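Notes follow the structure.
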Protein chains: 2
Amino acid sequence: MAETHRRRSDATRAAIRDAARERFAADGYERATIRAIASDARIDPSMVIRYFNSKEKLFAAAAEFDLQLPDSRSIAHAEAGWALVGHFLDRWEGDDTLLALLRTAVTHAAAAERIRAVFADQLAPLLAELCDDRAQVPTRAGLVATQMLGLALSRYVLGIGPITELDRDAIIAWLGPTIHRYITARNPTDASPLTTSP
Amino acid sequence: MAETHRRRSDATRAAIRDAARERFAADGYERATIRAIASDARIDPSMVIRYFNSKEKLFAAAAEFDLQLPDSRSIAHAEAGWALVGHFLDRWEGDDTLLALLRTAVTHAAAAERIRAVFADQLAPLLAELCDDRAQVPTRAGLVATQMLGLALSRYVLGIGPITELDRDAIIAWLGPTIHRYITARNPTDASPLTTSP
DNA sequence: AGCTTAAGCCAACAGCTGTTGACACGTCGA
DNA sequence: TCGACGTGTCAACAGCTGTTGGCTTAAGCT
């Protein structure tokens, strides 16, 4: 009982959401027009509004994202940096949503907030289990963000040649040590108790 | 002789270009409307077109950028990574143009191409003098791009809290080693002649 | 069957966009 | 003084945008 009837509209609702995600990922917020999204979903533009009330809310529905980070116990701490790079690559290439968020966040405040939330609410808790000094976790999560978002920007959005040509293993090999250091290295601005020289 | 007359229009032309740069930097390409730019420059929208023929050409004029990288002889090779991070920060905070390029490049192909050119034509030649294996220079320049663009994106566009709060010295201390490794470290995917284990 | 209601299409709105052409003001040189 | 020209304003265009309301069809229930 309380069986929710599976209406026919659920299919088109999902079709609209998926088409919206692809358009946002490919064109950004303003160029992803409702008419284009509707056309992709083989539906009338007015239906998009009927189902999602406004473009803003359609975006909110299309841009829900879960990093699906593994549990801290299932990754070897000594290889955490490399594992994280690989995981990000997987999530990026298997799901349009992150690309949609990145393309829209540059001009759309709600998308930027969503990206901030991804790193603060999903990545930071994992880092909290990987490193000991809790106060530094937000900074470390932010540093990881700079490198991983920069990779995605360069590779998937800007199409910087030498970066798009690197294969998965090469990226992990190059960026792995960077991420690992951001997670585990001592704060380089802390004055050492033994030596204060750089 | 052949003295170019300094016309009054030169001032307004420059005003339009500066206003355009600020708007592109703040709003991205599509939201930076000609009417808004004209309003900032206290001029009629039609004048913008008269002076620059089209929005596209206005953008091209407003987005000319020179990284102003120092000569390879004037930086200590052992500190090149840290020096580069500092230089990027200076260029980013002293000139709207890079931010305008970053904001527009996400949806505008010409801007993306311009960013690619900055790293390929301005950064790569410097790296060519800093490291020995020439074949790897484009890859290394691209890697530097991923980290520096990611920093700018996180700090100036997305406003990731912990990153915006870092001061200049902290950023240099954290990212310096990363950039330095991208410039100088041996290709991590090369099999070592002595050991092939990771 | 017939009635209800969901699902979809069509046409239109008000607003904004880049761009254009016609007209007015002012400042020069002859 | 007159004309030419550089500089600027006004009004309007065609096209696109998100959004709305009314109409038509199809499905589901009794």
Side-chain angles (χ1 to χ4, degrees), chain A residues 1-24 26-63 100 103-104 106-111, chain B residues 1 3-24 26-63 100 103-104 107-111:
Chain A
M1 58 212 81
E3 169 102 11
T4 61
H5 285 265
R6 185 149 312 199
R7 307 162 185 258
R8 281 175 296 106
S9 64
D10 291 350
T12 56
R13 167 176 247 100
I16 294 173
R17 188 173 37 80
D18 293 349
R21 208 182 343 250
E22 288 181 24
R23 280 284 177 178
F24 284 131
D27 300 337
Y29 189 82
E30 17 272 336
R31 286 163 102 120
T33 68
I34 288 191
R35 283 172 170 83
I37 293 168
S39 172
D40 288 356
R42 302 183 173 281
I43 215 98
D44 190 87
S46 64
M47 296 301 295
V48 177
I49 299 293
R50 272 253 186 106
Y51 276 64
F52 291 92
N53 295 321
S54 72
K55 185 181 182 181
E56 183 66 41
K57 292 182 180 173
L58 169 62
F59 172 76
R103 268 240 167 74
T104 54
V106 167
T107 51
H108 204 66
Chain B
M1 58 210 82
E3 171 99 9
T4 59
H5 286 265
R6 185 151 310 200
R7 309 161 185 258
R8 272 188 312 285
S9 62
D10 290 350
T12 56
R13 165 176 247 100
I16 294 173
R17 188 171 39 80
D18 292 348
R21 202 173 0 239
E22 288 181 24
R23 280 284 177 178
F24 283 131
D27 300 336
Y29 189 83
E30 15 272 338
R31 286 161 101 119
T33 68
I34 286 191
R35 282 173 171 83
I37 293 168
S39 172
D40 289 356
R42 302 182 173 282
I43 212 98
D44 191 86
S46 62
M47 295 300 294
V48 178
I49 298 293
R50 269 254 270 267
Y51 276 61
F52 291 92
N53 295 322
S54 73
K55 184 181 182 181
E56 183 66 40
K57 292 182 181 173
L58 168 62
F59 172 76
R103 268 239 166 74
T104 53
T107 53
H108 204 66

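Here the structure is a predicted model, which is why all the values come from computation and not from measurement. Numbers restart at 1 for each chain; the letters A, B, ... are given by sequence-line order, proteins then strands.
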How close or far is atom P of C/dG15 from atom CZ of B/R35, stated in whole angstroms? 14 Å
Assign each of A/R31 and A/D44 to its nearest nucleotide of DNA chain D by heavy atoms, then name whichever residue's nucleotide is nearer the 5' end. A/R31
May I ask you to verify if any side-chain N or O of B/T12 is less than 4.0 angstrom from the OP1 or OP2 atom of D/dG8? yes
Once hydrogens and angles are ignored, does a donor-acceptor distance under 3.5 Å link the base of D/dG22 to the side chain of A/R50? yes
Between CD1 of B/I16 and C1' of D/dT9 the distance, given in whole Å, is 14 Å
Answer yes or no: is there a donor N or O on one side and an acceptor on the other, between the side chain of B/R17 and the main chain of B/A61, under 3.5 Å? no
Rounded off to whole Å, could you give me the CZ-to-C1' distance for the A/R23 and D/dG18 pair? 16 Å
I'd like to know if A/S46 reaches the base of C/dC10 with its side chain such that a donor and an acceptor end up less than 3.5 angstrom apart. yes
Over all heavy atoms of both residues, which pair between B/D27 and B/A32 is shortest? Give the atoms and the distance, please. CB-N, 4.0 Å
Value in whole Å for how far the C1' atom of C/dT19 lies from CD of B/E56: 15 Å
Starting at CD1 of B/I49 and ending at C1' of D/dG8, how long is that distance when rounded to a whole Å? 15 Å
Return the value, rounded to whole Å, for the distance between atom NZ of B/K55 and atom P of C/dT19. 8 Å
Tell me: CG of B/L58 to P of C/dT17, nearest whole Å? 15 Å
May I have the distance from A/M47 (atom CE) to D/dG18 (atom C1'), rounded to whole angstrom? 16 Å
Under 4.0 Å between a side-chain N or O of B/Y51 and OP1 or OP2 of D/dG8? yes
Partner set under side chain to side chain contact (heavy atoms under 4.5 Å, CB included) for B/T33, not counting sequence neighbours: B/R35, B/A36
Note: B/D40 and B/R23 closest approach over all heavy atoms is OD2-NE, 2.8 Å
